[in-house]
Protein chains: 2
Amino acid sequence: MLKSQERTNGQRRAAAGQGTRERGIDRVVQLLAALHRHGRPVRIGELCALVEAPRSSTYEIVRTLVDAGLLETSPDSSVFFGKTLYFYGMDYLREHDLVSRGRDEVDRLARETGETCQFCMLTRGQYTVVHMRAGVRPFRISSEVGTRIPAPWTASGRLLYSDFGDDEIRALLKPGDLDMPNGQRLGVDEFVASVRQAREEGFCITSGLVDAYTHCLAAPIRDHNHGTVATICFVVPIDTPAQRIAQLRDTLVASGHALSVNPPSSATPARKTARADRADN
Amino acid sequence: MLKSQERTNGQRRAAAGQGTRERGIDRVVQLLAALHRHGRPVRIGELCALVEAPRSSTYEIVRTLVDAGLLETSPDSSVFFGKTLYFYGMDYLREHDLVSRGRDEVDRLARETGETCQFCMLTRGQYTVVHMRAGVRPFRISSEVGTRIPAPWTASGRLLYSDFGDDEIRALLKPGDLDMPNGQRLGVDEFVASVRQAREEGFCITSGLVDAYTHCLAAPIRDHNHGTVATICFVVPIDTPAQRIAQLRDTLVASGHALSVNPPSSATPARKTARADRADN
DNA sequence: TCGTTGTGTCCGATATACTGGACAGCAATC
DNA sequence: GATTGCTGTCCAGTATATCGGACACAACGA
C-alpha cells in the first residue's frame, strides 16, 4: 500500500521548505500548537510570524476560531485558548479516569511527601508530562505540562518505551533525543539497555540527566494487558539520602500499582463501569 | 460597516439549509462541537451523521486531527478528544486564575456544605457551567459542564446578564429560552425585571425553575469594573429551610466577593499583574 | 510634519481542498 | 452463500478557500 507518497500539501511544503498554499485545517493545527508553545496570549501579528502564515489567512482563521469559542480575545486584542477548549479538555478527563486518578494521586503524593511529583504518558509516541505538582522545595521547574521532552532524558520515558521492540524504540527517537541537556551523548544501545532494565526492575531511577542536580524516580502504571500506559514519578534533589530515595521509590511503585488496572482475572468482564450515565433523564 | 453580508459559506449553507461544500476549518469546529454534545467516543460513521458531513471528508479530517493529537482513537476505532486538547484546556486554566480559584472555591463549598455547587460564566453571551461539584445528596445532575443552558432558567444567568442593557438582553435570548423546563413561559419583561432585581440585590434565588424540586442560589463575581464576569451558585432541594437558604446565600455572597477583584482604588493602575512571568529564564 | 510600525479589512486570481461515488474488505445475519 | 451494514481508501472534477498585495487608520517618535 503506497499511500504515503504525497501527504496533504502541508507535508510537502514542510519537506520543500517552500511557502505554498496551505489547508485551513492544517493552519488551525499549527496555530494551536504555536499558542501552546508560546504559552501566553499573542498578538495576531506575532502569531502570523509564529506560524509563518499570511496575515489575511491568519485573521480569517482566528476570527472563525474566536467565533467558535476555541480562542478568546484579550482586552489588548491578543488571542489565546478559549473556554470551549477548556471544556473539551474536561471531556477528555471525564472519559479517561486513569488520568483523573493519576492527577489526584500526584497531588496527594506531592502534598504528603513534599516532593515534586508528575504523571506522564506518551502522546503519539512522545513522552509528555500530563500533570505535575510542585513540592515544597523551591524547584526549578524543568518543564511545563504538555510539552514534549525526549524520552531518554527521563526515568519515566524509559518505562514508557519498555513495551516497544528495539527497532521500534530506535524509530521513535528523534535526532537530538540522545543528546542530554548536560552535554553528553547517550548511545542508542545504552539507552535501549536501560529501557530493558527499567522493564525488568519495575521502576526506574536516573540521576543528573535532565539537569545535574536532580534524581528522577519513576514507577509504571499498567493496563490489563500489562502494558505501561503511564508513569508516576518524583523529581528530587541530587543530595537526597539513599534511604529516602528507596522509600520514595517504594511509595511510587505502590501508587503505580494502585493506579494500574488489576488484571481481568478471568472473572466477569465488567471492564468499563460508568457507561449508563445519561440513563436518568 | 457592512461586513456581515455573506459569512464564510458555512453561514450561508446554514441559512439555505443546503448541503453544499464546506470549509475544512468549519467542519473541524462542527465536529468538535458534535463530540462535545455527544459526550462520548463516536464511531466515525456515526460522526458523519452527527455533523452531516460526507464520509470521505470526515475520514480525512479525523485523520488529520488524530495525527495532531487533538483527537484520539479508542481501541474500537471510535474517536474522542485527545490529550492535546486536554493540554490546551490546562493552558486556558493557567492563564485564567479566576477560573482556577473559582474551581477551588466550588470544591471547597461543596465539601463544607454538602450541597451541589457550580461556577458559571458566559461563553459568547451564553450561560455555561464552567465547573461543578456534586453535593452529598444523590442529586439528579441537571446539566453537564460546558453545555449551554438558557440563561432565564437559572439564577446565575440573571446575574450574568445584569451588565447588559434591556435591548442587549433581548438580543441575547434565543427562541425557546423563555420556555421553562416546567412548561410555563416567561415573559421577556418579566425576565428583564428579574435581571434588574438580581443586580440590585447582589444575589439571585430562583425556585423550581430548571426543575420543580430545586432552588438555585447564586452570587456574582465581579471584575475591577464591577462587571459580573462569573457567578458561584448552589443547587439545593426545594424543601430546604429558609434559614439555611439565607445562610447558604450569605456564604455564596462572601465567596463571590472573595473571588472578585477588589477595585483598583484609584491607586497605581497595575491592572494586570502576572505579566512578567517569563522574566526569570 | 513625516516616516515607521502595527492593526484590521477587502478583493481578484488561481491552486487545490472538498465532494460524490466507486470499490474492497470484513462481520454478522438470514 | 447471499445479503446487509459498516469501515476505510481512492480518485477526478469543480466550486472555492487561500494568498498576496493594496488600502485605511491609529499610535508613536524623531
Side-chain angles (χ1 to χ4, degrees), chain A residues 1-31 38 41-68 71-80, chain B residues 1-31 38 41-68 71-80:
Chain A
M1 45 176 80
L2 61 159
K3 66 180 177 183
S4 60
Q5 73 281 29
E6 47 164 3
R7 224 65 186 87
T8 76
N9 176 14
Q11 302 276 0
R12 226 186 316 144
R13 198 190 71 97
Q18 261 313 308
T20 6
R21 191 182 263 207
E22 189 101 354
R23 291 202 307 175
I25 172 173
D26 291 328
R27 295 245 110 110
V28 169
V29 169
Q30 294 163 8
L31 191 153
H38 192 262
V42 252
R43 311 309 243 29
I44 297 196
E46 201 179 348
L47 192 54
C48 297
L50 284 177
V51 296
E52 288 179 329
R55 262 155 32 86
S56 49
S57 310
T58 308
Y59 270 99
E60 166 61 22
I61 290 177
V62 165
R63 188 187 312 153
T64 306
L65 295 182
V66 168
D67 285 350
L71 299 183
E72 282 176 16
T73 312
S74 305
D76 65 333
S77 81
S78 52
V79 295
F80 202 58
Chain B
M1 48 175 77
L2 61 159
K3 67 180 177 184
S4 60
Q5 73 279 31
E6 48 164 3
R7 225 62 184 87
T8 75
N9 176 17
Q11 303 274 359
R12 227 187 312 146
R13 199 191 71 95
Q18 261 312 308
T20 8
R21 190 181 263 208
E22 189 101 353
R23 288 204 308 173
I25 173 174
D26 291 328
R27 294 248 111 110
V28 169
V29 168
Q30 294 163 10
L31 190 152
H38 192 262
V42 223
R43 310 309 242 33
I44 298 197
E46 200 179 348
L47 193 53
C48 297
L50 284 177
V51 296
E52 289 179 329
R55 262 153 35 81
S56 48
S57 310
T58 309
Y59 271 100
E60 166 60 23
I61 289 177
V62 166
R63 187 185 314 154
T64 305
L65 296 182
V66 168
D67 285 350
L71 299 182
E72 282 176 16
T73 312
S74 305
D76 66 332
S77 80
S78 52
V79 294
F80 201 57

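Bear in mind that the values here come from a model prediction, so they are computed numbers and not experimental data. Below, chains carry the letters A, B, ... as their sequence lines are ordered, and counting in each starts from 1.
In this structure the side chain of I25(A) never reaches within 4.5 angstrom of the side chain of I25(B), judged on heavy atoms. Taking 4.5 Å as the limit, some side-chain heavy atom of L31(B) sits within range of a side-chain heavy atom of V62(B).
For the pair D26(B) CG and dA17(C) P, the interatomic distance rounds to 16 Å; values are reported in whole Å. Rounded to whole Å, the distance from CG on L47(A) to C1' on dT7(C) is 14 Å. In this entry the distance linking CD of E60(A) with C1' of dT16(D) reads 13 Å, nearest Å. Atom-to-atom, CG of D76(A) to C1' of dG8(C) comes out at 15 Å; the value is rounded to the nearest Å. For the pair E46(B) CD and dG5(D) C1', the computed distance is 14 Å after rounding to whole Å.
The side chain to side chain contact (heavy atoms under 4.5 Å, CB included) test applied to V42(A) returns L35(A), H38(A), E46(A), L47(A), L50(A), not counting sequence neighbours. R43(A) pairs by the salt bridge (charged side-chain N to carboxylate O under 4.0 Å, His left out) definition with D76(A), not counting sequence neighbours. Shown here are the side chain to side chain contact (heavy atoms under 4.5 Å, CB included) partners of Y59(B), two or more places apart in sequence or in another chain: I44(B), R55(B).
Annotation: of the two residues near DNA chain D, R43(B) and S56(B), the 5′-most nearest-nucleotide partner is R43(B). Along DNA chain C, the nucleotide nearest I25(A) and the nucleotide nearest Y59(A) are compared for position; the residue whose nucleotide lies closer to the 5' end is Y59(A).
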Check nucleotides 24-28 of chain D against the protein and report each pair of N or O atoms closer than 3.5 Å, with its distance, or say if there are none.
none

Close N or O pairs between protein and nucleotides 13-15 of chain C (under 3.5 Å):
from: dT14(C); atom 1: O2; to: R21(A); atom 2: NH2; distance (Å): 3.1
from: dA15(C); atom 1: N3; to: R21(A); atom 2: NH1; distance (Å): 3.0

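For the atom pair CD of E52(B) and OG1 of T58(B), the computed distance is 11.0 Å after rounding to the nearest 0.5 Å. Here D26(A) contributes atom CG and R21(A) contributes atom CZ; the two are 13.5 Å apart, rounded to the nearest 0.5 Å.
OP1 or OP2 of dC18(C) has not a single side-chain nitrogen or oxygen of R23(B) nearer than 4.0 Å.
In this structure, E60(A) does not pair ionically with R27(A), as no charged nitrogen and carboxylate oxygen lie closer than 4.0 Å.
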